[in-house]
Amino acid sequence: MSDAESKSLNFLEEIVEGDLQSGKHGGRVLTRFPPEPNGYLHIGHAKSICLNFGLGLKYGGGTNLRFDDTNPTKEEQEYVDSIEADVHWLGFEWKARYFASDYFQKLYDFAEYLITQGKAYVCDLTDEQTREYRGNFHTPGKPSPFRDRSVAENLDLFHRMKAGEFADGTRVLRAKIDVNAGNMNLRDPLMYRIRHAHHHRTGDAWCIYPMYDFAHPVSDAIEGITHSICTLEFEDHKPLYDWFLEQDVEAKFFQKPLPRQYEFARLNVTTTMMSKRRLLLLVEEGHVTGWDDPRMPTLSGLRRRGVTPEAVRAFAERVGVARRDATVDMGLLDLSIREDLEARCDRRMAVIRPLKVTVTNLAEGEIHWIELPNHPDAGRGTRKVPFGRELYVDREDFMEVPAKKWFRLAPGAEVRLRGACYLRCEKVVKDASGEVVELRCTWDPATLGGEAPDGRKVKGTLHWVSATHAVRAEVRLYDRLFTVDDPMDVPEGGDWRGTLNPASLDVVQAALEPSLGEAKAGERFQFERTGYFAVDADSKPGALVFNRTVGLKDSWAKVEAKA
RNA sequence: UGGGGAGUAGCCAAGUGGUAAGGCAGCAGGUUUUGAUCCUGCGUAUCGAGGGUUCGAAUCCUUCCUCCCCAACCA
């Protein structure tokens, strides 16, 4: 990173630094990450987490994890657990963990206060009528016939709502603001609705639940949040956020200065989607194996694929923070992953699609154990790899009619087998259907180790595995989940599911060098010339399973594409 | 036809009146027993468009255009 880049602050950092300088919050910085526990965290949330926790860390403050659990019909403990695990995995520690439901009593007390101030009223309109009265962008709203109930009546009704006297949907508590406001959020928004539902934390203690717009600012204020950061779509909720907090005119509920909301653009990434609802559909309809399917943009999916938290954080850093809608190329995530894995992974040889090679001038049973470095950087140790008469190379590394600039195996061509020797293809064996099933080759014993004493050069170096020593493993080759940049951009009447990539998963039986036989779930390797792979949770000794985390950059593919 | 945002190279993104950072992608080389990594070089971006203010504008004013969000008893 250059100096110029490291010095430029994003607009939120500028705001925080400005507040720090003016002493607005007495030098305090407290942010919060407020997920609703109704789904798994995805890469878009990662941006928000890195932003919120990053600000807390950078300015010596902290960040609260607060579950926004105000809707009992959608939220579950399972999601609470996964979210906590994901935040920890990403590498962040919250200063405190709260639930909006921790504040149900305080919220209720404040609502009661607003009623006594004539700022809130109980409304008996049905949801349909409420919508009608609210009007739309072009027509002003009409005041609810219940708008002018007396404080005493409102108080009584509100108490009885809480006591469970009324059925779901029969009454709501509304803020009395402005039924004609251009900002629809201000047309007497709902504060409470009746829901005789079991809440994952408060059980059956409540049958009225606060709405987000009421609960969120109040929760922020209770916790003493200084900067409440959310995404752009909440921008026109800000007047409401401020309105609620400003109604505490006697300062009986909150301490000043009040928290302030700031918005940034949410993250979009090509060839995937962040909609929790649609992600859920992918799971439910079986397009993926679960929330942690390695093709999912969820943190649990990325983790299972073998992505490290460091890579995700680096990605979030690169993506930046601004207020304009943006869609980042998935390639940027790939790059961040490769960059991280390049340094940390030991190298191994694995043949993804085995093609048999017989070294005809090598005696049966003659084995050379070759010592190979674990990493280009010295000091990372070595391991031994057996070289014998029967080998496998990747089918992709052989071309019967070589293309221009093809450096790999072809009839008569000589290549290097990584760490072993020079090898020349003498004969191609095909089966009845014409498919190439074996290459008969000769090696040059003088090149043992991989270099020719006579100085002759070879352009291609191939990975290989001894067939007699190979460890078999299932390898899951993952690719983009969708075939188009924006899966939602489908023609009229089309279904986004139609853009799902039918080849997003390719399962193959690979042949690995024997040292990989001991690989444990979670371990990561670079399979030389192929990509980065992680041992899947499904993996067992004797039945190994590897996930392709990301492929290596492939400049041959580019040459080929241009031809 | 209401309210709120945003428009800087293919994708992100700095810049806040003094004459356009950086990253990614792309292109061209070099090193290389991974066509990986690494290294070097390469961009005149009508700063959405027009008009204006100014010695000077991506930055100020003005008109216009385009895109995004808002009419859940969701968050």
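Chain letters run A, B, ... following the sequence lines, proteins first and then strands; every chain starts at 1. Just so it is clear, the structure is predicted and the values come from calculations on it, not from any experiment.
A:Trp406 comes within 4.0 angstrom of a nucleotide base, judged by non-hydrogen atoms across all strands. Residue-level contact check: A:Val319 touches the backbone only, with heavy atoms under 4.0 Å from sugar-phosphate atoms and none from bases. When heavy atoms are screened at a 4.0 angstrom cut-off, A:Leu190 is found touching base atoms of the nucleic acid. Nucleic acid contact class of A:Gln526 (heavy atoms, under 4.0 Å, all strands): base. Residue-level contact check: A:Tyr192 touches neither bases nor backbone, having no heavy atom under 4.0 Å from any strand. Residue contacts shown for A:Asn71 are limited to sugar-phosphate atoms, with no base heavy atom under 4.0 Å away. Within 4.0 Å (heavy atoms only), A:Val321 reaches sugar-phosphate atoms of the nucleic acid but no base atom. Note on A:Gly531: nothing from the nucleic acid sits closer than 4.0 angstrom, heavy atoms only. Using a 4.0 Å heavy-atom distance criterion, A:Met349 is classed as making no nucleic acid contact. Residue A:Gly331 is out of contact with every strand shown, counting any heavy-atom pair closer than 4.0 Å. Within the 4.0 angstrom heavy-atom criterion, no nucleotide atom of any strand lies near A:His216. Within 4.0 Å (heavy atoms only), A:Glu36 reaches sugar-phosphate atoms of the nucleic acid but no base atom. Within the nucleic acid shown, A:Leu125 comes within 4.0 Å of at least one base atom, counting heavy atoms only. Within the 4.0 angstrom heavy-atom criterion, base atoms lie near A:Glu14.
Along RNA chain B, the nucleotide nearest A:Asn136 and the nucleotide nearest A:Pro35 are compared for position; the residue whose nucleotide lies closer to the 5' end is A:Asn136. Along RNA chain B, the nucleotide nearest A:Gly450 and the nucleotide nearest A:Thr126 are compared for position; the residue whose nucleotide lies closer to the 5' end is A:Gly450.
Put simply, the side chain of A:Lys47 gets close to the backbone of A:Ala265: a donor and an acceptor are under 3.5 Å apart. No donor-acceptor pair closer than 3.5 Å links the side chain of A:Arg193 to the backbone N or O of A:Gly169. Judged by distance alone, with hydrogens and angles left aside, the side-chain atoms of A:Ser48 form no donor-acceptor pair with the main-chain N or O of A:Gly44 at under 3.5 Å. A donor-acceptor pair under 3.5 Å is absent between the side-chain atoms of A:Asn38 and the main chain of A:Lys74, judged by distance alone.
Distance noted for atom P between B:rA13 and B:rA72: 31 Å (whole Å). For the C1' atoms, the distance linking B:rC39 with B:rG51 amounts to 50 Å, nearest Å. Across B:rU59 and B:rC67, the matching C1' atoms stand 22 Å from one another, rounded to whole Å. Rounded to the nearest Å, the gap between the C1' atom of B:rU16 and that of B:rG30 is 42 Å. When the P atom is compared between B:rA14 and B:rU8, the two are found 11 Å apart, to the nearest whole Å. Atom name P, nucleotides B:rA49 and B:rU66: the rounded distance is 15 Å, in whole Å.
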Got a list of protein N/O to nucleotides 3-6 of chain B N/O distances below 3.5 Å?
from, atom 1, to, atom 2, distance (Å)
B:rG3, N2, A:Asp236, OD2, 2.8
B:rG5, O3', A:Arg323, NH2, 3.2
B:rA6, OP1, A:Arg323, NE, 3.4

Anything under 3.5 Å between a protein N or O and an N or O of nucleotides 26-31 of chain B, put it in a table, one pair a line.
from, atom 1, to, atom 2, distance (Å)
B:rG26, OP1, A:Lys558, NZ, 3.0

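Screening A:Tyr532, A:Trp464, A:Phe546 for a ring pair (Phe, Tyr, Trp, His ring centres under 6.0 Å) involving A:Phe527 leaves a single residue, A:Phe546. Each of A:Arg347, A:Arg383, A:Lys384 was scored for a salt bridge (Lys or Arg N to Asp or Glu O under 4.0 Å) with A:Glu513, with one residue passing: A:Arg383.
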Test log, rule salt bridge (charged side-chain N to carboxylate O under 4.0 Å, His left out), inputs A:Arg524 and A:Asp340 = CA-CA 12 Å; A:Arg524 304 178 180 87; A:Asp340 177 68; over 6 Å; no
key: Check against side-chain hydrogen bond (donor to acceptor under 3.5 Å, both in side chains), A:His159 and A:Tyr108   = CA-CA 10 Å; A:His159 291 333; A:Tyr108 179 81; 3.0 Å; yes
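Rounded to an integer number of Å, the gap from A:His375 NE2 to B:rC38 C1' is 11 Å. Atom CG in A:Asn10 sits roughly 11 Å away from atom C1' in B:rA13 (whole-Å rounding). In this structure, A:Leu332 places its CG atom 5 Å from C1' of B:rC24, rounding to the nearest Å. Atoms CZ (A:Phe525) and P (B:rA36) sit 23 Å apart, rounded to a whole Å. If you measure from atom CZ of A:Phe264 to atom P of B:rC69, you get 17 Å, rounded to the nearest angstrom. Rounded to whole Å, the distance from CG on A:Leu552 to C1' on B:rU37 is 9 Å. Between the CZ atom of A:Arg548 and the C1' atom of B:rA36 there is a distance of 15 Å, given to the nearest Å. Rounded to whole angstrom, the span from the CE atom of A:Met330 across to the P atom of B:rC11 amounts to 17 Å.
Judged as a side-chain hydrogen bond (donor to acceptor under 3.5 Å, both in side chains), and not counting sequence neighbours, the contacts of A:Arg380 are A:Asp346, A:His375. When the side-chain contact (heavy atoms from CB on, under 4.5 Å) test is applied to A:Ala175, the partners found at least two apart in sequence or on another chain are A:Ile177, A:Pro189, A:Met191, A:Trp243, A:Phe244.
Aromatic rings from A:Tyr209 and A:Tyr192 are positioned such that their centres are separated by 6.0 Å or more. You'll find the ring centres of A:Phe234 and A:Tyr241 outside the 6.0 Å limit. Here the two rings, on A:Phe407 and A:Trp556, have centers that are 6.0 Å apart or farther.
Of the side-chain N and O atoms in A:Arg193, one or more sit less than 4.0 angstrom from OP1 or OP2 of B:rC74. Checking the phosphate oxygens (OP1, OP2) of B:rU32, no side-chain nitrogen or oxygen of A:Arg416 falls inside 4.0 Å. Here A:Arg171 does not reach the OP1 or OP2 of B:rC73: none of its side-chain N or O atoms lies under 4.0 Å away. In this structure, A:Thr70 does not reach the B:rC74 phosphate: none of its side-chain N or O atoms is under 4.0 Å from OP1 or OP2.
Regarding the sugar-base torsion, B:rA49 falls in the anti class, its angle being beyond 90° of 0.
Within the structure, salt bridge (Lys or Arg N to Asp or Glu O under 4.0 Å) pairs that include any residue of residues 265-275 of chain A comprise A:Glu233-A:Arg266 (at least two apart or interchain).
A:Arg348 forms no cation-pi arrangement with A:Phe525, by the criterion of a distance under 6.0 Å to the ring centre and an angle within 45° of the ring axis.
By the criterion of a centre-to-centre distance under 5.5 Å and near-parallel planes under 30°, the ring of A:His138 forms a stack with the base of B:rU1. Here A:Tyr212 does not lie in a stacked arrangement on the base of B:rC74, lacking the combination of planes under 30° and ring centres under 5.5 Å apart.
The strand RNA chain B forms stems, runs of 3 or more Watson-Crick or G-U wobble pairs with distances below 3.5 Å, at B:2-7 with B:65-70, B:10-12 with B:22-24, B:26-30 with B:38-42, B:48-52 with B:60-64.
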